[in-house]
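No hydrogens, no waters, no symmetry mates; every other heavy atom, side chains included, goes into these values. One-based numbering, in listed order, for ligands and for the atoms of each.
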Amino acid sequence: MSQNKILVTGGCGYIGSHTIIQIIRNTDFEVISVDNCLNSSEDTICRIEEITGKQVKNYNVDLRDREKTAAIFEENKDITGVIHFAALKAVGESVEKPGWYYDNNINSLLNILWCCEKYDVSNFIFSSSCSLYGNVSQLPVNEETPLMPTESPYAHTKKIGEEIIKNIIHVNNVQTISLRYFNPVGGDYTGKNGENPISRPNNLVPFITQTAAGILPKLTVFGNTYDTRDGSCIRDYIHVTDISDAHVNALQYLLDGKNESNYEVFNLGTGNGVTVLEVIEAFERVTKQKLNYEIGPARPGDVAAIYSDSSKALEKLGWKTKIGLDEMMDSAWKWQLTLNQEKEMKS
Ligand code: NAD
Ligand code: UD1
């Protein structure tokens, strides 16, 4: 790969930061980030530097601000690709504050696409989500599976986002890949980076690790009467480093001109459906921690079961997952221990 820049939006966030690390480990690209730290902190940039030994500049800019976003492109005329992670992502919160979700996720996307066109950046990767499939009747889900109605405004922003991209790139030269993630979990193998939500976590695994660490009193399993093997919901948990590696492959695929059309979609999952109770069992076994949990009511908006057929990503991007559930749990716990240590040192 040549020495050009990749702009990562949401680079202080969970998947963005891990992807920056994998880009630096595996390519010669320089990476810059734009993140207003709505759900993160610029400490992450220091963590990236500590892990990779490379400096990464973060522009603390709200992507809804077109002028300030354009100024980043103006200052960095050698951007060859954009990976657009920045978005609000909490399903429940999006039900409570839909306007905020549409405003943030859609206007950010429109601005970044506008900049790509204006500054001739022709490679674009979009963070999409399996949530846009909705309540599907056939599993596993592949890219041809018809989309059912979305269950939340968050999921809707991803569905609309994909539509907007398709319509806009129809008239410009931005080659785009949408990557539909299933459930990213875990942290970098060094234990020095992981998921670090600034407020109470919504996702299962940080909730588990914070409960085991005594930060949260108890985990509630949302429902045990679903039509699944143990009654709890089934998801396709995938290690964040595997997700990050897929972005590196997707970027290379676009740069090599291997894409068959200017818009392609790939699922990123392991193909294994795992129940919530199985995740808890794996966490307890791997980390030797006893988790305080109880069974509670189902969470509104949850689908019973979803997991991926990711064979298209294997065939075209040469990508498949390498990391299993035990390592997902182990790395998530390692990261929680790092956070605990840092907290102790501060107090
Ligand atoms: P995250 O919240 O950790 O990271 C997103 C980052 O974007 C945050 O650091 C936030 O501060 C930043 N951001 C948000 N709005 C912004 C704005 N207007 N301007 C500048 N920065 C802004 O989330 P994540 O888990 O890393 O998710 C990254 C992407 O992947 C999101 O688009 C999310 O919807 C998508 N995704 C996540 C999951 C998941 O379970 N984590 C699953 C599927 C898809
Ligand atoms: C959802 C979306 C995903 C989206 C992500 C962003 C679906 C199918 N997936 O993931 O695409 O990008 O949100 O946040 O819509 N659980 C508990 N107790 C808890 C927390 C979670 O039992 O305290 C259960 C949930 O019911 C679910 C599983 O754990 O079955 C995973 O939940 P979570 O981590 O929140 O992710 P999803 O909702 O699956």
Side-chain angles (χ1 to χ4, degrees), residues 8-19 33-42 44 58-65 68-69 83-94 100-101 103-105 107-109 111-112 126-136 141 150-152 154-155 157-158 161 179-185 195-198 200-208 210-211 216 218-224 226 228 232-238 240 243-244 268-269 274-277 279-280 293-307:
V8 170
T9 76
C12 298
Y14 174 43
I15 310 174
S17 62
H18 285 83
T19 300
S33 160
V34 46
D35 195 314
N36 65 350
C37 296
L38 195 57
N39 189 38
S40 55
S41 130
E42 277 188 338
T44 308
N58 182 58
Y59 292 84
N60 194 319
V61 163
D62 186 337
L63 288 159
R64 289 174 307 168
D65 186 329
K68 287 194 182 146
T69 304
I83 309 183
H84 182 50
F85 291 102
L88 290 165
K89 64 155 182 177
V91 173
E93 185 181 58
S94 79
W100 188 36
Y101 270 68
D103 176 29
N104 192 71
N105 294 1
N107 285 319
S108 298
L109 174 65
N111 283 344
I112 201 87
F126 178 61
S127 289
S128 190
S129 162
C130 71
S131 58
L132 58 56
Y133 287 110
N135 249 317
V136 290
V141 171
T150 48
E151 297 284 321
S152 70
Y154 163 75
T157 67
K158 294 297 176 188
L179 297 176
R180 293 175 179 166
Y181 318 150
F182 282 65
N183 286 58
V185 297
E195 189 164 9
N196 195 10
I198 54 173
R200 190 183 161 91
N202 292 289
N203 294 110
L204 178 65
V205 172
F207 214 104
I208 288 178
Q210 290 195 17
T211 305
L216 297 170
K218 196 182 270 183
L219 170 82
T220 302
V221 174
F222 296 142
N224 69 343
Y226 286 101
T228 61
S232 64
C233 288
I234 289 182
R235 294 288 182 274
D236 187 340
Y237 298 93
I238 170 170
V240 67
I243 291 259
S244 300
L268 300 182
V274 177
T275 70
V276 176
L277 292 172
V279 173
I280 293 172
Y293 73 91
E294 64 182 4
I295 308 293
R299 180 172 67 174
D302 264 345
V303 302
I306 190 159
Y307 52 95

Does an N or O from [X], backbone or side chain, lie closer than 3.5 Å to an N or O of ligand 2?
{"X": "Leu204", "value": "yes"}
{"X": "Thr220", "value": "yes"}
{"X": "Phe222", "value": "yes"}

What part of [X] sits under 4.0 Å from ligand 1 if we count only heavy atoms: the side chain, the backbone, both or neither?
{"X": "Glu195", "value": "neither"}
{"X": "Ser108", "value": "side chain"}
{"X": "Pro197", "value": "neither"}
{"X": "Tyr154", "value": "side chain"}
{"X": "Asn104", "value": "side chain"}

Query raised in the report: Looking at Asp62, which atoms of ligand 1 are within less than 4.0 Å of one of its heavy atoms?
Result: 17 (C), 18 (N), 19 (N)
Just going by heavy-atom distances, which of [options] is nearest to [atom]?
{"atom": "atom 40 (O) of ligand 1", "options": "Cys12, Pro184, Ser127, Pro206", "answer": "Pro184"}
{"atom": "atom 6 (C) of ligand 2", "options": "Lys89, Arg180, Glu151", "answer": "Lys89"}
{"atom": "atom 21 (N) of ligand 1", "options": "Val205, Asn36, Asn107, Asn203", "answer": "Asn36"}

Nearest non-hydrogen protein atom, [atom]:
{"atom": "atom 2 (O) of ligand 1", "value": "Asn39 ND2, 2.7 Å"}
{"atom": "atom 4 (O) of ligand 1", "value": "Gly13 CA, 3.4 Å"}
{"atom": "atom 5 (C) of ligand 1", "value": "Ala87 O, 3.8 Å"}
{"atom": "atom 30 (O) of ligand 1", "value": "Tyr181 CE1, 3.2 Å"}
{"atom": "atom 26 (O) of ligand 1", "value": "Ile15 N, 2.8 Å"}
{"atom": "atom 25 (O) of ligand 1", "value": "Lys89 NZ, 2.9 Å"}
{"atom": "atom 29 (C) of ligand 1", "value": "Phe85 O, 3.2 Å"}

Query raised in the report: Hey, does Tyr237 sit under 4.0 Å from ligand 2 if you only count heavy atoms?
Result: yes
Requested in this report: Please state whether Tyr133 comes within less than 4.0 angstrom of ligand 2, counting heavy atoms only.
Outcome: no
Requested in this report: State the atoms of ligand 2, each with its element, that fall below the 4.0 Å cut-off from a heavy-atom position in Val91.
Outcome: 1 (C), 13 (O)
Query raised in the report: Taking only heavy atoms of Asn203, which atoms of ligand 2 are found under 4.0 Å from at least one of them?
Result: 14 (O), 33 (P), 34 (O), 35 (O), 36 (O)
Query raised in the report: Any idea how Tyr101 and Tyr154 line up, ring-wise: parallel (<30°), tilted (30 to 60°), or perpendicular (>60°)?
Result: perpendicular
Query raised in the report: Asp35 near ligand 1, heavy-atom distance under 4.0 Å?
Result: yes
